[in-house]
Amino acid sequence: MKRRDLFVDLFRACNSGKSATQLHSQILRTGFAYDSFFVTKLNSLYAKYTSIEEAYQLFDETPQRTVYLWNSMLRSHCREKQWKRTLLLFKHMLSDKFKLEQRPDNFTVSIVLKACAGLKWLKLGKMVHGYVKKDQKMALDMFVGAELIELYSECGKMGEALKVFQEFPKPDVVLWTIMVTGYELNGYLEEAVTFFSRMVVKEGISPDPVTLISLVSACAQLRHGMLGNCVLGFVIRRGFEADISLTNSLLNLYAKSGSVKIAANLFKWMIERDVVSWSSMIACYVRNEAAVKALELFNEMINQGVEPNAISMVSGLQACALACNLEEGKKIHDLAAKKGFDTDVSVSTALIDMYMKCFSTDEAVDVFRKMPWKDVVCWAALLSGYAQNGMAYMSMGVFRDMLSNETQPDAVAMVKILSASSELGILQQAICLHGYVIRSGFENSAFVGVSLIELYSKCGSLCDAVKVFEGIFDKDVVILSAMIAGYGMHGQGREALKLFDWMVKSSAASPNNVTFLSLLSACSHSGLIQEGINIFDIMVHEYKVDPSSEHCGILVDLLGRIGELDKAMDIIKQMPTPVQPHVWGALLGACRIHQNIEMGEVAAKNLFHLDPNHSGYYILLSNIYALSEKWVNMEKIRTSIREKGLKKMFGLSVIEIGNEVHSFVADDKFHPDCEQIYELLRQLEMKMRSGVKLFHDAEFYFGA
DNA sequence: TTAGGGTTAG
């Protein structure tokens with residue numbers, strides 16, 4: 001048999017999927033056993049379709065190893081993402097002086113660079129780059145260039161990546177795409193979009209589906225929905241709609257930019273859907289708080305026989321957490337266990353989160369304990385879960401355990417521990433955590449800054465909150481809103497208004513719905529009634545912010561306090577969204593102040609319907625009756641509280657003096673200094689009633 | 001002879 005005939009046979013066999021073993025014996029029979037071409041081809045077939053071990057056997061048996069054979073072996077490890085084994089083999093290749101006929105070529109170099117990128121081994125990668133620079137031909141090889149750019153972009157060195165890119169006089173679409181992807185993955189989203197437009201507009205290179213995926217992914221993070229429409233048009237014109245990854249990334253763009261309807265339509269329109277499409281759509285519903293729809297979709301996916309992966313499990317569990325649906329959550333837990341995903345760190349974290357949000361702390365802890373290895377995300381889920389369940393004191397213990405397990409917090413974990421700590425309100429602890437923030441270099445994180453402002457505000461130290469605020473250079477809308485809320489908490493409405501004024505005049509940031517909520521609440525807590533009403537007006541008419549149920553609740557409270565009960569009622573009637581209990585609650589409170597029994601009864605009726613187990617509202621109504629001496633009605637309400645077995649929720653107050661934390665409830669008589677405390681309280685009350693400026697006296701008493 | 005770029009969750 002001639003070599004040429006065997007060559008043809010071999011290629012036919014490759015295409016028809018004939019096994020490497022059969023081919024091997026065929027080659028041995030024909031006497032071409034040491035032909036380097038056949039050996040290389042067989043080696044790659046073994047590695048691809050049989051096993052790496054078989055490939056190694058052939059490799060070991062071959063006395064004359066060409067660079068092609070080494071490359072084939074290296075590539076097999078690379079395909080399996082065995083980066084360290086790839087580099088180890090490369091080391092052997094270099095020391096195999098007697099058997100190696102040629103020097104490593106550009107193909108070898110590109111594989112080695114890929115392994116360096118996979119391990120983020122910049123030092124070795126740079127050495128290889130030095131080797132490449134010495135060889136003109138290799139330096140202009142676009143395959144090598146691609147791997148070099150990838151290496152630098154994986155290591156976060158986009159400047160170096162750009163230098164390599166600029167060495168090429170005519171980079172092709174793949175090189176452009178790697179640059180766009182690099183910018184996108186490193187969070188330089190605007191640069192990714194600019195680079196893309198340079199490629200298309202200036203260089204006239206037509207993007208392919210892969211380029212578009214990276215562009216769309218950048219737009220999704222920028223919440224740039226408009227660009228999605230352009231890309232969608234292009235996709236249809238070019239007939240790219242069959243590329244499922246591309247349509248998935250478009251779906252994700254609409255999902256993240258809040259266009260739920262468009263996303264749902266695109267999902268329906270897609271020719272083919274894979275597990276990524278389903279997870280994206282489920283995640284879209286979760287993000288937009290449509291928990292029921294998300295759960296329905298998850299179950300539909302399972303029923304249609306789509307094989308779930310770890311990510312779709314996470315989305316399903318998030319839906320359960322949002323819906324507070326423990327039953328469905330447990331079902332997904334069982335399914336995850338059956339499919340072997342319960343040891344996956346992301347799935348376990350989602351399980352912890354789900355159980356915590358469904359108030360099942362024991363189950364959450366159980367999942368946490370069973371995790372084979374723990375990362376910072378799951379520690380953060382556990383400690384914030386405790387805080388959500390009113391057990392913030394446990395969060396502190398978890399944080400300490402996390403540190404002693406040598407897990408360093410990231411910015412998210414830091415935010416969670418700070419907010420857990422703010423639930424406790426212990427200033428001494430806040431100061432310790434602030435110290436930790438500075439020592440670990442989180443000081444410049446905007447998210448951490450916001451949490452610190454909130455923490456100090458809640459621990460009663462407004463001046464520390466202001467110090468943190470003033471230290472932040474780039475004051476965005478979130479930071480400004482947090483500071484306004486801090487002033488509000490301390491009854492400093494005027495300061496809150498001043499800061500808002502500064503924010504608007506200096507154009508530091510544009511106020512959003514949260515800013516207005518903080519501001520309205522600050523006005524309400526400081527008795528700045530007319531100012532609050534004006535702010536609401538500015539919000540709706542100047543800033544075109546749609547008032548939420550929370551905004552309306554505060555407005556009702558403000559109007560109610562000055563006796564404008566009819567106007568307050570009008571606001572409730574005009575609300576576009578379903579009226580939440582707290583809005584009626586604000587009206588009921590106002591009715592008590594102004595003795596409006598009729599309207600109070602209307603508010604109470606609605607409240608008893610919406611929130612039948614809240615004892616506070618019954619007590620409010622009975623107080624209204626008591627103040628207007630309607631004893632019969634009052635007794636009816638009191639009886640109904642008893643019959644329903646409603647218990648009053650106790651409010652626990654905590655105050656920190658020196659290094660000691662004192663806690664007490666209303667009418668508490670357990671404190672050792674009880675008599676003195678009540679005496680001071682009585683004096684303060686007298687002063688309040690006599691209209692003396694209390695603030696200065698309080699300063700005198702507490703030595704503030 | 002061997003060949004470079006991609007989508008979802010945390």
Side-chain angles (χ1 to χ4, degrees), chain A residues 7 10-11 14 35-45 47-48 66-76 78-79 105-111 113-114 117 141-151 153 171-182 184-185 207-218 220 243-253 255-256 263 273-284 286-287 308-319 341 344-353 375-381 410 412-413:
Chain A
F7 186 88
L10 197 63
F11 266 90
C14 288
D35 185 296
S36 77
F37 169 75
F38 292 139
V39 169
T40 309
K41 193 80 194 165
L42 266 176
N43 180 269
S44 85
L45 275 177
K48 211 168 173 180
T66 58
V67 70
Y68 301 123
L69 185 60
W70 279 100
N71 286 346
S72 167
M73 215 51 242
L74 283 166
R75 183 169 154 65
S76 307
C78 210
R79 206 173 21 223
D105 63 0
N106 37 0
F107 189 66
T108 324
V109 164
S110 60
I111 295 171
L113 284 169
K114 193 189 261 302
D141 184 321
M142 285 212 240
F143 289 89
V144 174
E147 297 303 344
L148 272 171
I149 297 173
E150 278 245 63
L151 166 78
S153 119
D172 65 358
V173 65
V174 176
L175 287 190
W176 279 98
T177 306
I178 300 173
M179 285 303 292
V180 174
T181 314
E184 186 252 316
L185 290 177
D208 66 7
V210 184
T211 329
L212 292 172
I213 289 170
S214 291
L215 171 77
V216 170
S217 180
D243 190 310
I244 194 162
S245 298
L246 179 54
T247 39
N248 279 344
S249 68
L250 270 168
L251 177 67
N252 186 44
L253 168 59
K256 281 198 178 143
R273 296 179 204 109
D274 64 1
V275 65
V276 178
S277 335
W278 287 90
S279 341
S280 303
M281 199 59 229
I282 296 167
C284 172
V286 170
R287 216 174 287 124
N309 63 12
I311 296 176
S312 55
M313 290 280 174
V314 171
S315 303
L317 287 167
Q318 284 177 335
F341 287 127
D344 180 286
V345 68
S346 308
V347 175
S348 302
T349 307
L351 278 168
I352 294 171
D353 189 55
D375 65 356
V376 61
V377 186
C378 70
W379 282 100
D410 60 0
V412 180

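Fair warning: this is a prediction, and the values are worked out from it, not measured in the lab.
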**Message:** Using modelled atom types and a 3.5 Å cut-off, is there a donor and acceptor pairing between side-chain atoms of A:Asn252 and backbone atoms of A:Ala255?
**Reply:** no
Looking across every strand, which nucleic acid part, if any, lies under 4.0 Å from [X] by heavy atom: base, sugar-phosphate, or nothing?
{"X": "A:Thr211", "value": "base"}
{"X": "A:Asp172", "value": "base"}
{"X": "A:Ser346", "value": "base"}
{"X": "A:Ser110", "value": "nothing"}
{"X": "A:Lys256", "value": "sugar-phosphate"}
{"X": "A:Val174", "value": "base"}

Distance check: side-chain N/O of [X] vs OP1/OP2 of [N], anything under 4.0 Å?
{"X": "A:Asn252", "N": "B:dT7", "answer": "no"}
{"X": "A:Arg287", "N": "B:dA9", "answer": "yes"}
{"X": "A:Lys114", "N": "B:dT2", "answer": "no"}
{"X": "A:Arg79", "N": "B:dG4", "answer": "no"}

**Nearest-angstrom distance from the residue atom CG of A:Asn248 to C1' of B:dT7** = 6 Å
Taking donor-acceptor contacts at under 3.5 Å, does the side chain of [X] reach the base of [N]?
{"X": "A:Asp353", "N": "B:dG10", "result": "no"}
{"X": "A:Asp243", "N": "B:dG6", "result": "yes"}
{"X": "A:Ser279", "N": "B:dT8", "result": "yes"}
{"X": "A:Asp208", "N": "B:dG5", "result": "yes"}

**Prompt:** Do you see a donor-acceptor pair shorter than 3.5 Å between the side chains of A:Thr177 and A:Thr211?
**Reply:** yes
**Request:** Report yes or no: do A:Ser245 and A:Asn248 form a side-chain donor-acceptor pair below 3.5 Å?
**Result:** no
**side-chain hydrogen bond (donor to acceptor under 3.5 Å, both in side chains) partners of A:Glu184, counting only residues at least two apart** = A:Ser217, A:Gln221
**Request:** Sequence neighbours left out, what passes ring-ring contact (aromatic ring centres under 6.0 Å, His included) with A:Trp379? Give chain and number order.
**Result:** A:Phe368
